[in-house]
Amino acid sequence: MYEDNRIIRNAQALTTDFIPSRIFSRDGQLQAMRDDMRPLLKGLSPRHSFLFGKPGTGKTCMARYVAEELAQHTSSVAPVYINCWESTSRFKVLYTILQRMGYVLSVHRKGTPTDELMDILRKKLEEKQAVIILDEVDQLEDDKILYDLISLPKTCLILISNNETAFADVDQRVRSRLAAADHVEFPEYKTDEIMGILKDRIEWGLLPAVIKNAQVEMIAETAGGDARVAIDILRIVAESAENQDLEKIPDKLIESSLPQAQVARKDENLTRLNPYQRAIVDILTRNGRTDSGTLFRELQGIARKQKLEPIVDRTFRKYMDKMLRYKMVESEGSGRWRTYRLI
DNA sequence: CCTCCACTGGAAGATCGGGAAG
DNA sequence: CTTCCCGATCTTCCAGTGGAGG
């Protein structure tokens, strides 16, 4: 298929969505999660699990890996992956779950009440059990969905978050049930562990002998314990070497790809913003730390100049909330002395 | 001590776009 | 076609917060 490729064999293996054929340096976590899900094989209720740890520590990868593994053992279990970043509402989460379980919703896309989706899901689960992965679960805007899902029979939930205290302010009933879930911690990778992961990806994704061991080590060191960053750098390096028709990866390409990997991340974030939020980013770039009142007044000024409809102050605060959740902006202080600043 | 000020954020209502029902 | 209903988003309303300044 890629006869003329000199560097890349399988581009998919160089992405962070790729589910590898084996998991590195995570034996304890792997065993724990297999044990949690095992009851599903006998049609019993499994134990839910909660995975936490910094970005790029293998949480998502592990969850998808064990879910797929189980699905290969038995056809009665469906693996369902949901990113709560993309599906923040109760409706969207249910809609996406049903879609992933193969329920065709083309008949009524909209105008379907959420409770009805819940009923459909319950019926679906009578035929087939599910492992539902809720990634970035702290991004959910409506935690009622957690209550809905956690009380489903014969369903295994895998919840993923960057911080262990993601459920500090959810409903008491949900919290007590979550306390019983298996808390699985993912510590940061060490450089040699990152190297193990990279070498695996290289074996699948690249043609033989295009990258040197010392170069892999260089990438692993710059990644700072974040496997996601390491894989991003590897992909960008490989892609640009391929585009330049090189046969091997030169050292200087690795150095120059580092900032590129960071910019790619930032752009990804900007596309999620509306014109007002982009204007807010502009103001914060110009002003640095800014208090809420000033920020709002400047925003109204810019909106007028750009012929955008003026927005009401409450809407502005909602936008700021979102940007805080996206971790693009951080706030300091409280009440009327609160200030915002770009991260 | 009390009241004012500037901002916060929950709750309810209005509006929009789109599909379904009649 | 019109009417109705849905979720999503924005607006309106308003009680709450806590330092400033009398």
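In this text the structure is predicted, and so the values were computed from the model without any measurement. By convention in this document, chain letters (A, B, ...) are assigned in the order of the sequence lines, proteins followed by strands, and residues within each chain are numbered from 1.
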Colleague: Separation of Phe296(A) atom CZ from dT8(B) atom P, in whole Å?
Modeller: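 My rounded result for the distance is 11 Å.
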
Colleague: Would Asp321(A) and Lys318(A) pass as an ion pair if we require N to O under 4.0 Å?
Modeller: no

Colleague: Any residue in residues 276-292 of chain A with a heavy atom nearer than 4.0 angstrom to DNA chain B? Just list them by number, or reply none.
Modeller: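 Under 4.0 Å from DNA chain B: Asp291(A), Ser292(A).
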
Colleague: Is it the case that more than 12 heavy atoms not belonging to His73(A) sit under 6.0 Å from its NE2 atom?
Modeller: no

Colleague: What's the closest nucleotide to the Arg314(A) side chain, out of dA8(C), dA11(B), dC10(C)?
Modeller: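 From the listed options, dA11(B) comes nearest.
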
Colleague: Residues from residues 316-343 of chain A sitting under 4.0 Å of DNA chain B, heavy atoms only?
Modeller: Arg317(A), Gly335(A), Arg336(A), Arg338(A), Tyr340(A)

Colleague: Got a sec, which residues hit side chain to side chain contact (heavy atoms under 4.5 Å, CB included) with Ala32(A), two or more places apart in sequence or on another chain?
Modeller: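 Ala32(A): side chain to side chain contact (heavy atoms under 4.5 Å, CB included) contacts with Asp182(A).
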
Colleague: Testing the 3.5 Å rule here: is there a donor-acceptor pair between the side chains of Thr339(A) and Arg289(A)?
Modeller: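 A pair is found: one side chain offers a donor N or O, the other an acceptor, under 3.5 Å apart.
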
Colleague: For residues 295-309 of chain A, run the donor-acceptor check on the side chains, cut-off 3.5 Å, and write out each pair with its distance to 0.1 Å, sequence neighbours left out.
Modeller:
| from | atom 1 | to | atom 2 | distance (Å) |
| --- | --- | --- | --- | --- |
| Glu298(A) | OE2 | Asn287(A) | ND2 | 3.0 |
| Gln300(A) | NE2 | Ile311(A) | O | 2.7 |

Colleague: Name each donor-acceptor pair under 3.5 Å that joins a side chain in residues 129-136 of chain A to protein atoms two or more places apart or in another chain, with its distance.
Modeller:
| from | atom 1 | to | atom 2 | distance (Å) |
| --- | --- | --- | --- | --- |
| Asp135(A) | OD2 | Thr60(A) | OG1 | 2.8 |
| Asp135(A) | OD2 | Tyr81(A) | OH | 2.6 |
| Glu136(A) | OE1 | Trp85(A) | NE1 | 2.6 |

Colleague: Can you check whether Thr114(A) has a side-chain N or O nearer than 4.0 Å to OP1 or OP2 of dG7(C)?
Modeller: yes

Colleague: Can you tell me the distance, in whole Å, between the OH atom of Tyr95(A) and the P atom of dC6(C)?
Modeller: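 So the OH-P distance, Tyr95(A) to dC6(C), works out to 17 Å.
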
Colleague: Val210(A): which residues meet the side chain to side chain contact (heavy atoms under 4.5 Å, CB included) condition with it, sequence neighbours left out?
Modeller: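 Side chain to side chain contact (heavy atoms under 4.5 Å, CB included) check on Val210(A) returns Ile7(A), Leu206(A), Leu207(A).
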
Colleague: What is the separation between atom CG on Asp142(A) and atom C1' on dC6(C), rounded to the nearest whole Å?
Modeller: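 Distance check: Asp142(A) CG to dC6(C) C1' gives 16 Å.
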
Colleague: Could you give the CD-to-C1' distance, from Glu141(A) to dG10(B), as a whole number of Å?
Modeller: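 Whole-Å distance recorded here is 14 Å.
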
Colleague: Is a salt bridge present between Asp192(A) and Lys199(A), judged by a nitrogen-to-oxygen distance below 4.0 Å?
Modeller: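 Lys199(A) and Asp192(A): not salt-bridged.
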
Colleague: Whole angstrom is fine here: how far is it from CG in Asp313(A) over to C1' in dT8(B)?
Modeller: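 These atoms are roughly 10 Å apart.
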
Colleague: So that I can tick it off, tell me whether Arg317(A) and Asp313(A) are bridged by a salt bridge, with the cut-off set at under 4.0 angstrom between side-chain N and carboxylate O.
Modeller: yes

Colleague: Provide, to the nearest angstrom, the distance between the CZ atom belonging to Phe91(A) and the P atom belonging to dA8(C).
Modeller: 6 Å

Colleague: Using whole Å, what does the distance between atom P of nucleotide dG7(C) and atom NZ of Lys92(A) come to?
Modeller: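 Whole-Å distance recorded here is 13 Å.
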
Colleague: Atom CZ of Arg90(A) and atom P of dT9(C): how far apart are they, to the nearest Å?
Modeller: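 So the CZ-P distance, Arg90(A) to dT9(C), works out to 17 Å.
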
